[in-house]
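Heads up, the thing below is written out as structure tokens.
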Amino acid sequence: MSTLTSLPAWSALAEHAEEIKATHLRTLFADDPQRAERYLAEAAGLQLDFSKNRINDLTLTLLAQLAEESGLTKKVQAMFSGEAINHTENRSVLHTALRSSSSTPLMVEGKDIRQEIAATLVKMEAFVDAVHRGEWRGYTDKPFTDIVSIGIGGSFLGPKIMAESLKPYWHKGLRCHYVANVDGTAISEKLKQVDPETTLFIMSSKSFTTQETLTNTLTARDWFLAKGAPDKAIGQHFVAVTSNVPAAVQFGIDEENIFPMWDWVGGRYSMWSAIGLPIALQIGFGQFRQLLEGAEKMDQHFQSAPLERNLPMLMGLLAVWYTNFFDSASHVILSYDHYLRGLPAYIQQLDMESNGKGTNDQGDGVDYHTGPVIWGGEGTNGQHAYHQLLHQGSGIIPADFILPLNSHNPLGRHHAMLAANCFGQTQALMSGKTLEEARRELEQKGMAADAIDALAPHKVMPGNKPSNTLLMNKLTPATLGALVALYEHRTFVQGAIWQINSFDQWGVELGKVLGNSILDDLESDTPKLDQDASTARLITIFRKREI
Ligand SMILES: O=P(O)(O)OC[C@H]1O[C@](O)(CO)[C@@H](O)[C@@H]1O
């Protein structure tokens, strides 16, 4: 038995889960008229209705006990204060410092990182303003119209999805494009859309060793020169964001055009750093600061609010509740906002790269489930597709519904319809439809008794499916910042309870290494073909392909 599963709160939760499993959410609502009011919490411009979860007050008490026995509060403090909680890489985890307005020194390896952060923000602001004002121009003296941001993983998804989410705030006259995949189609298609004279390339790579990013940047540079740009123009058109300045310089980026980031920022937590430069270029620096401010409000709330009102704690503990006591293997994020359609993919990367681990902090294999599959999409589209599984599938898939109360495009009845669909889905998941209700419905339609017998069971919806509803007045840089920080901390809470390191990612390494040796075999005149039989065969097929 692991240290987690031997905690008193764990056994108490296991026992309590049996009672809750025997109780329908309809009953929980019927028994407690105040439930909707009591299970509503608010922070940093976000409201969380968590009343449609399979919980009661005892559940919350026991989850709080689990948090206490797991030392959650101390772990939160350890992260914010810069302890090297990423113990497998001996690194602090300080993305929260990137959005902090505190001036109290925060020391990492003998340096006050507040000063480096502030200096980088100043450099970013000057750059963004210079591009916007047309002072930083292309080599033929034309202002930039396009930015091509090259990076992958955390150096890609944050900037792309946040900028996409904030389209109503875009700076006029500047388009950002994002290239991640090493598939040549990705960069080819982008380069077809831009003009070398008016395009600025941002190469974003924390390590400056990532195959995809280095390859795409070289391709972009070759294209730039092949289109007639002089060598000396590279400095004007290529900037980099990295923690590996020597490698960037060696690659050919001018040192003054390098924006720093640091070891204490994880890739998937880095959009708040200079990795967010494309966001700042797209929405302007003032609004980029609002994004940081929104996140800081959530950080403060996370550190200070009591657990029963603490959004990240509640959402993280609820995720543990379903993963470990209801055998739920996935969690769905449903954005009821077209601008937020990319958010599920962002949270998927954040959560699955963080909590997709099976070895605990002591180095032992876990004997409980950890990170569930995170997936999702845009409402109402999903209602006509995978919601079928949410409503009538055999397992439990907890859902987060996210809805801004006001639209940036308030057209006629559209927004009320969107909201009605969102609330209607949470209601249907919660209450379902009983056999009697299904039968009555068919009787009212005048269906014959034997046809009702045949059809009614298929129309039954068990309900009792949990969901959270997250509301914000409007999608703004500040509310988006708070929303992303909420999910970061939710991820942290789960990892802390599961006793895993949410901040390394060793699992992605092996495939990279093997990929490199396979590449040698694909390109070499004398391939070694010393892989397993299947892989060697695939290599041979590729080598013999018709061109
Ligand atoms: O910013 P880099 O160093 O190019 O890394 C890109 C991404 O690759 C990973 O290391 C995983 O392969 C991510 O964690 C990271 O965000």
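The shown structure was predicted, so the numbers you read here are calculated from the model rather than taken from an experiment. We count ligands from 1, going down the list as the structure has it; atoms in each ligand are counted the same way. Because only heavy atoms are used, hydrogens play no part in the values below, and waters and symmetry mates are left out as well, while side chains stay in.
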Review point. Quick one: does Gly154 get an N or O within less than 3.5 Å of an N or O on ligand 1?
Key: yes
Point to revise | Asn86 and Asn501 side chains, donor-acceptor separation under 3.5 Å | key: yes
Point to revise | Over 12 non-hydrogen atoms of neighbours within 6.0 angstrom of CD in Glu135 | key: yes
Check your understanding: Crowded around His369 NE2? As in, over 12 foreign heavy atoms under 6.0 Å?
Key -> no
Review point. For Ser207, is at least one N or O under 3.5 Å away from an N or O on ligand 1?
Key: yes
Check your understanding: For atom 7 (C) of ligand 1, which protein heavy atom lies nearest, and how many Å away is it?
Key -> Ile152 O, 3.6 Å
Practice item. May I ask whether Lys512 has any heavy atom positioned less than 4.0 angstrom from an atom of ligand 1? Key: yes
Review point. Among side-chain atoms of Thr88 and Asp504, is any donor-acceptor pair under 3.5 angstrom?
Key: yes
Review point. At a 4.0 Å threshold, what atoms of ligand 1 neighbour a non-hydrogen atom of Ser205?
Key: 1 (O), 2 (P), 3 (O), 4 (O)
Point to revise | Side-chain donor-acceptor contact under 3.5 Å, Thr476 with Thr479 | key: yes
Review point. How about Gln505 and Arg268: does a side-chain donor come under 3.5 Å of a side-chain acceptor?
Key: yes
Review point. When you measure from atom 14 (O) of ligand 1 to each heavy atom in Met203, Arg268, Glu353, which option holds the nearest one?
Key: Glu353
Review point. Touching ligand 1 at all, Glu509? Heavy atoms, strictly under 4.0 Å?
Key: no
Exercise for review: List every atom of ligand 1 that sits less than 4.0 Å from any heavy atom of Thr210, numbering the atoms from 1 in the order shown and giving each element.
Suggested key: 2 (P), 3 (O), 4 (O), 5 (O)
